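Working notes, beginning with the structure itself.
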Amino acid sequence: MSLEKLLAWIPPGHPDEALARQVAFDRLPAHIAVIMDGNGRWAAQRRLPRVEGHRNGIQAVRDTVETAARLGCRVLTLYAFSVENWKRPAAEVRTLMTLLKRYLRLEIETLLRNDIRFRVIGRAEDLSADVRRELDSAVARTADSHGMLFNIALNYGGRAEIVDAARRAVSEGIAAEELDERRFAGLLYTAGQPDPDLLIRTSGEMRVSNFLLWQIAYAEIYVTETLWPDFRRRHLLEAVLAYQKRERRYGGITSSHAAVAT
Ligand code: FPP
């Protein structure tokens with residue numbers, strides 16, 4: 001979208017307006033991926049049960065999705081539930097699934113209004129039937145949207161994704177010599193999507209936690225101390241502005257060094 005779409009959503013004079021005006025809309029990250037972390041710590045700081053952190057994380061999801069769509073980001077991927085998250089107490093897993101279903105039911109109109117297409121990446125087949133029904137409905141209802149693609153990573157693992165892609169290659173009878181990086185990328189859950197340019201992680205942790213391992217090969221990593229339930233439009237704009245200040249090298253040399261090197 002654009003500066004106008006973003007400003008239309010920011011009350012005049014609000015501090016976020018100045019941030020929005022600094023964004024270079026011709027150099028937006030095409031794909032932003034987010035590791036939402038710190039819900040448990042947010043709750044612990046308030047002496048609340050962990051699930052309250054997840055509950056309060058929903059407003060951060062809403063803000064992030066709408067900000068990214070209004071900015072004009074092509075793809076947003078949120079890491080909502082990893083293959084390892086099944087190890088959490090059953091009650092916490094149940095709450096996460098309930099929150100997800102509620103989010104989808106309540107937010108579908110916002111997704112449609114913002115022309116957002118919703119997709120799931122991960123082993124969705126292992127999720128319970130009621131969750132899959134809700135996910136399938138949101139995917140179907142937003143199928144004709146042409147704006148931002150919103151991937152939710154559920155029962156997702158980067159290594160599992162690579163194994164699934166290798167299995168697909170075998171089951172589709174692709175010969176070893178036919179496989180190259182481009183072909184392999186087309187077998188991943190994110191086939192056809194641009195790789196993340198910007199990977200955001202909240203709560204100060206310096207790990208990639210098995211997230212989009214193939215796709216983040218050249219992503220810029222931005223870690224903020226902000227805990228996920230506190231993450232808002234301002235924090236996403238700050239991350240985009242920090243990204244735009246960096247010089248990306250893709251393993252080469254920067255243009256400023258090129259003159260010296262040649
Ligand atoms: C990490 O915090 C967060 C998660 C494992 C789940 C994120 C889920 C939500 C924000 C709610 C549902 C999502 C959607 C998209 C509707 P943590 O529990 O690991 O925090 P900690 O490291 O402080 O313990």
Side-chain angles (χ1 to χ4, degrees), residues 1-37 57-80 103-104 106-121 138 142-153 190 192-203 211-212 215-216 218-248:
M1 291 191 200
S2 61
L3 178 61
E4 290 73 47
K5 291 270 186 274
L6 202 52
L7 290 182
W9 189 51
I10 300 175
H14 189 283
D16 292 2
E17 186 183 331
L19 288 175
R21 289 189 187 281
Q22 289 172 51
V23 173
F25 284 84
D26 56 340
R27 286 189 294 112
L28 284 176
H31 183 166
I32 300 178
V34 186
I35 302 176
M36 308 182 285
D37 196 13
I58 297 291
Q59 188 51 43
V61 172
R62 284 199 195 102
D63 239 56
T64 302
V65 170
E66 190 149 2
T67 305
R70 284 178 178 268
L71 263 172
C73 175
R74 280 170 58 202
V75 186
L76 172 73
T77 303
L78 299 186
Y79 200 4
Y103 168 82
L104 291 173
L106 294 177
E107 289 303 301
I108 189 77
E109 297 304 332
T110 310
L111 299 185
L112 290 168
R113 198 172 51 247
N114 286 285
D115 201 23
I116 294 168
R117 193 154 49 97
F118 177 75
R119 279 220 25 209
V120 183
I121 60 168
T142 62
D144 293 330
S145 294
H146 293 97
M148 186 179 80
L149 175 62
F150 169 25
N151 293 313
I152 191 154
T190 53
Q193 303 178 20
D195 285 341
D197 302 295
L198 173 60
L199 171 67
I200 299 172
R201 182 166 190 147
T202 58
S203 87
F211 188 42
L212 300 173
Q215 298 90 332
I216 60 168
Y218 294 103
E220 292 293 329
I221 301 179
Y222 176 87
V223 176
T224 168
E225 292 296 324
T226 305
L227 303 177
W228 180 252
D230 292 327
F231 195 87
R232 290 292 180 275
R233 174 174 64 206
R234 166 169 80 86
H235 302 97
L236 185 62
L237 293 175
E238 283 169 355
V240 168
L241 291 172
Y243 162 84
Q244 291 186 332
K245 287 203 180 86
R246 297 193 194 170
E247 196 165 5
R248 301 185 75 194

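Side chains included, hydrogens not; waters and symmetry mates left out as well; all remaining heavy atoms used. Just so we're clear, the structure is a prediction, and the values are computed from it rather than from any experiment.
Listed for the R232 side chain is a donor-acceptor partner under 3.5 Å among the backbone atoms of P229. Between the R246 side chain and the E220 main chain, no donor and acceptor come within less than 3.5 Å of each other. Counting only distance, with no hydrogens or angles, the side chain of E17 and the backbone of L7 share no donor-acceptor pair below 3.5 Å.
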CA sep, side-chain torsions, deciding dist, call: I35, I200, side chain to side chain contact (heavy atoms under 4.5 Å, CB included): CA-CA 6 Å; I35 302 176; I200 299 172; over 6 Å; no
What verdict does the salt bridge (Lys or Arg N to Asp or Glu O under 4.0 Å) test give for R234 and E238, after you've listed the backbone C-alpha separation in whole Å, the side-chain angles of each residue and the deciding distance to 0.1 Å? CA-CA 6 Å; R234 166 169 80 86; E238 283 169 355; 3.2 Å; yes
Could you walk me through whether L19 and L241 pass side chain to side chain contact (heavy atoms under 4.5 Å, CB included), step by step? CA-CA 8 Å; L19 288 175; L241 291 172; 3.7 Å; yes
Passes side chain to side chain contact (heavy atoms under 4.5 Å, CB included), Y79 versus V34? Steps please. CA-CA 6 Å; Y79 200 4; V34 186; over 6 Å; no
Please walk me through it: do L78 and V65 pass side chain to side chain contact (heavy atoms under 4.5 Å, CB included)? CA-CA 9 Å; L78 299 186; V65 170; 4.2 Å; yes
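With values rounded to the nearest 0.5 angstrom, L149 atom CG is found 9.5 Å from C73 atom SG. Rounded to the nearest 0.5 angstrom, L76 CG and L236 CG are separated by 7.5 Å. In this structure, the separation between CZ on R119 and CD on Q193 is 5.5 Å, given to the nearest 0.5 Å. Between the CG atom of L227 and the CG atom of D37 there is a distance of 8.5 Å, given to the nearest 0.5 Å. Interatomic distance, CZ of F211 versus CD1 of I216, reported as 8.5 Å (0.5 Å rounding). For the atom pair CD of Q22 and CG of L3, the computed distance is 11.5 Å after rounding to the nearest 0.5 Å.
When all heavy atoms are compared, the tightest approach of T226 to T202 is O-CB, 3.2 Å. Residues N114 and A69 share a closest heavy-atom pair of CB-CB, 4.4 Å. Taking all atoms of both residues into account, the shortest heavy-atom contact from R70 to A8 is NH1-CB, 4.2 Å. Considering all non-hydrogen atoms of both residues, L237 and A20 come closest at CD1-N, 4.1 Å. What you find for D195 and H31 is that their closest heavy atoms are O-CB, 3.5 Å. Closest of all the heavy-atom pairs between A138 and I108 is CA-CD1, 3.8 Å.
At a threshold of 4.5 Å between non-hydrogen side-chain atoms, the residues E225 and S203 do not count as touching. Using a 4.5 Å heavy-atom threshold, the side chains of V75 and N151 count as touching. Between W9 and T67 the shortest side-chain heavy-atom distance falls below 4.5 Å. Side-chain contact between S145 and L111: absent, with no pair of heavy atoms (C-beta onward) separated by less than 4.5 Å. A 4.5 Å side-chain heavy-atom check between R62 and E107 finds at least one atom pair inside the cut-off. At least one side-chain heavy atom of L6 sits less than 4.5 Å from a side-chain heavy atom of F25. Side-chain contact between L212 and I121 is present, with heavy atoms from C-beta onward closer than 4.5 Å. Between M148 and F118 there is no side-chain heavy-atom pair separated by less than 4.5 Å.
Between the side chains of H235 and T224, not a single donor N or O lies within less than 3.5 Å of an accepting N or O.
A salt bridge does not link D63 with R233: none of the charged nitrogens is closer than 4.0 Å to a carboxylate oxygen.
For the pair R201 and W228, the cation does not sit on the ring face, since its NZ or CZ is not both under 6.0 Å from the ring centre and inside 45° of the axis.
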